[in-house]
Amino acid sequence: MATVHLRIGDLVWGKLGRYPPWPGKVVSPPKDLKKPRGKKCHFVKFFGTEDHAWIKVEQLKPYHAHKEEMIKINKGKRFQQAVDAVEDYLKKAKGKEQNSDGKAESKGKKASNKPLKILDEDDEDLSALKDPSEKPVKDDPHFHHFLLIQSEKPASSMEPISKRLKIIEEVTGSTSIQAADSTAINGSITPTDKRIGFLGLGLMGSGIVSNLLKMGHVVTVWNRTAEKCDLFIQEGARLGRTPAEVASMCDITFSCVSDPKAARDLVMGPSGVLQGIRPGKCYVEMSTVDPETITELSQVITSRGGRFLEAPVSGSQQVSNDGMLVILAAGDRSVYEDCSSCFQAMGKTSFFLGEAGNAAKMMLILNMVQGSFMATIAEGLTLAQATGQSQQTFLDILCQGQMASTFVDQKCQNILQGNFKPDYYLKHIQKDLRLAISMGDMANHPTPMAAAANEVYKRAKALDQSDNDISAVYRAYIH
């Protein structure tokens, strides 16, 4: 893309790494967020998302001049929604301008023709350009994100994890890391100089490792089925012969396996991680397991002088491949900070939730909701069919209402096409439901909806759907 001269308020097309050009608006960065050194770039807020990013000037094009060109080459639903958001913004802006002109004429006052200052591409302090009148309204999809970044009085003081990260404290006491300059997407993060180990190359782990390598991290891999390591060795990863060897060779070792038993065996089994832990070594458990397993793993790792963090991820295989996971972390805060470049590479945001076990609890609750929701959608599709209604029409209506989401659209389309290739294994969501129900029992809290959904997934497993996608729960209703 050609270099352009822009000013605050200009609409643009911004290119984020391997993603297609996306509509956005040049805005003032937060006061404490400096432009990355050595880069000629502008701070852009993207429509239809909650992303704000520093974008290199050569990756920007004026919106109106290239609108037709971009619409021709991009046809995705989310893209169209973003373009619609721009058009809505323009209509509102035009209405405000007309109202403003009318008031100015009635008062006999002349509208100010003071030009906006052109962004100096070499200016290191863009906060001086801040327009105090430029604040999103509550209807703006970026309003919540804006509040998080701009909040001057959070529950506790802000502190930077690195030059490329912001820590945001919320009233809940949790902390989130936002890649405020979208460095993970742009491929320009500074990888940690720590040696990274990764154990488990399944649906989620494979995407994570691939993104760690792309962003320049030094990664040693191990997998129970050794041939799964071959592709990553070709991409530059090193091979570890056992979990113990990986843990002893690396400063930070991540693991992502299927269930609590696999997580415990990986640490405490023969040639397990525990044998390679030495004082100062870090272990990060990314598997979705129960809080009791996390507590046990934390205790055995720290008993050897190691440092422990749990960091389960919310997403799917595709989301993992795209480096857009949501990471929930808890445990040793210093490990969380040491993992900052890794979390940027694999995810779009991460949250620090306090003491070990909290992330496991939160992840089980999230997956309980997702699993129950998927079962309900499948139930709706089959009920539509049973009552003579068009399933496609049901989906079309659903996707125009308040429950519209990429998740609903993709899963329902897969069901209608009979495509149950796993993006998230059905057996794993059933495991998560079971663990969430057990957690509810321990807290003496009822979980009747999750319990009902769990029975449907168990029936789907009995129909040999375990290794299919979670959307295959649909088949439990038609057999």
Search all heavy atoms of [X] against all heavy atoms of [Y] and return the closest pair with its distance.
X    : Y    : answer
P291 : G357 : CB-O, 4.1 Å
K461 : S466 : CG-OG, 3.4 Å
L309 : A330 : CD1-O, 3.3 Å
C41  : I55  : CB-O, 2.9 Å
V456 : A476 : O-CB, 3.6 Å
S320 : M204 : OG-O, 2.8 Å

To the nearest 0.5 Å, how far apart are [atom1] in [X] and [atom2] in [Y]?
X    : Y    : atom1 : atom2 : value
N223 : S206 : CG    : OG    : 7.5 Å
M368 : T447 : CE    : OG1   : 7.0 Å
I470 : N414 : CD1   : CG    : 10.5 Å
M215 : T192 : CE    : OG1   : 15.0 Å
L463 : K458 : CG    : NZ    : 13.5 Å
K431 : N454 : NZ    : CG    : 12.5 Å

Could you go step by step and tell me if V473 and L426 meet the side chain to side chain contact (heavy atoms under 4.5 Å, CB included) rule? CA-CA 7 Å; V473 68; L426 184 143; 4.3 Å; yes

[Y] backbone acceptor or donor facing [X] side chain under 3.5 Å:
X    : Y    : value
W22  : F79  : no
T376 : S372 : yes
S287 : S258 : no
N358 : L353 : yes
S438 : R434 : no
D432 : N367 : no

I need the full list of side chain to side chain donor-acceptor pair (under 3.5 Å) pairs touching residues 467-479, with sequence neighbours left out, sorted by first then second residue.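 Only E379-Y477, Q391-Y474, K411-D469, K427-D467, Q465-N468, Q465-R475, D469-S471 qualify under side chain to side chain donor-acceptor pair (under 3.5 Å).
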
Counting heavy atoms not belonging to Q417, are there more than 12 under 6.0 Å from its CD?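 Atom CD in Q417 is packed in, count exceeds 12.
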
Is atom CD of Q413 surrounded by more than 12 heavy atoms (other residues, nucleotides or ligands) closer than 6.0 Å?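 Count over threshold, so yes.
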
Would you say the side chain of [Y] lies within less than 4.5 Å of the side chain of [X], judging by non-hydrogen atoms?
X    : Y    : result
N321 : Q317 : yes
L203 : D423 : no
Y63  : D10  : no
V221 : V219 : yes
F352 : L328 : no
L381 : C412 : yes
L11  : F47  : yes
L433 : Y457 : yes

Does the pair K25 and Y89 meet the rule for a side chain to side chain contact (heavy atoms under 4.5 Å, CB included), with working shown? CA-CA 10 Å; K25 177 184 175 184; Y89 167 81; 2.9 Å; yes

Examine the side chains of Q400 and D396 and answer whether a donor and an acceptor come within less than 3.5 Å of each other.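 Side-chain D/A pair, Q400 to D396: absent.
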
Under 3.5 Å side-chain donor-acceptor pair for T288 and H428: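 No, no side-chain donor-acceptor pair sits under 3.5 Å.
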
Test salt bridge (charged side-chain N to carboxylate O under 4.0 Å, His left out) on R333 and E337; report intermediate values, then the result. CA-CA 6 Å; R333 178 63 173 267; E337 295 172 359; 3.7 Å; yes

Test C342 against L212 for side chain to side chain contact (heavy atoms under 4.5 Å, CB included), laying out the working first. CA-CA 6 Å; C342 297; L212 287 172; 3.7 Å; yes

Intermediate values then yes/no, side chain to side chain contact (heavy atoms under 4.5 Å, CB included), M346 and F343: CA-CA 5 Å; M346 65 180 76; F343 288 160; 4.0 Å; yes

Could you go through E310 and K361, starting from their C-alpha distance and side-chain angles, then the distance that decides it, and tell me whether this counts as salt bridge (charged side-chain N to carboxylate O under 4.0 Å, His left out)? CA-CA 11 Å; E310 58 168 331; K361 294 173 185 176; over 6 Å; no

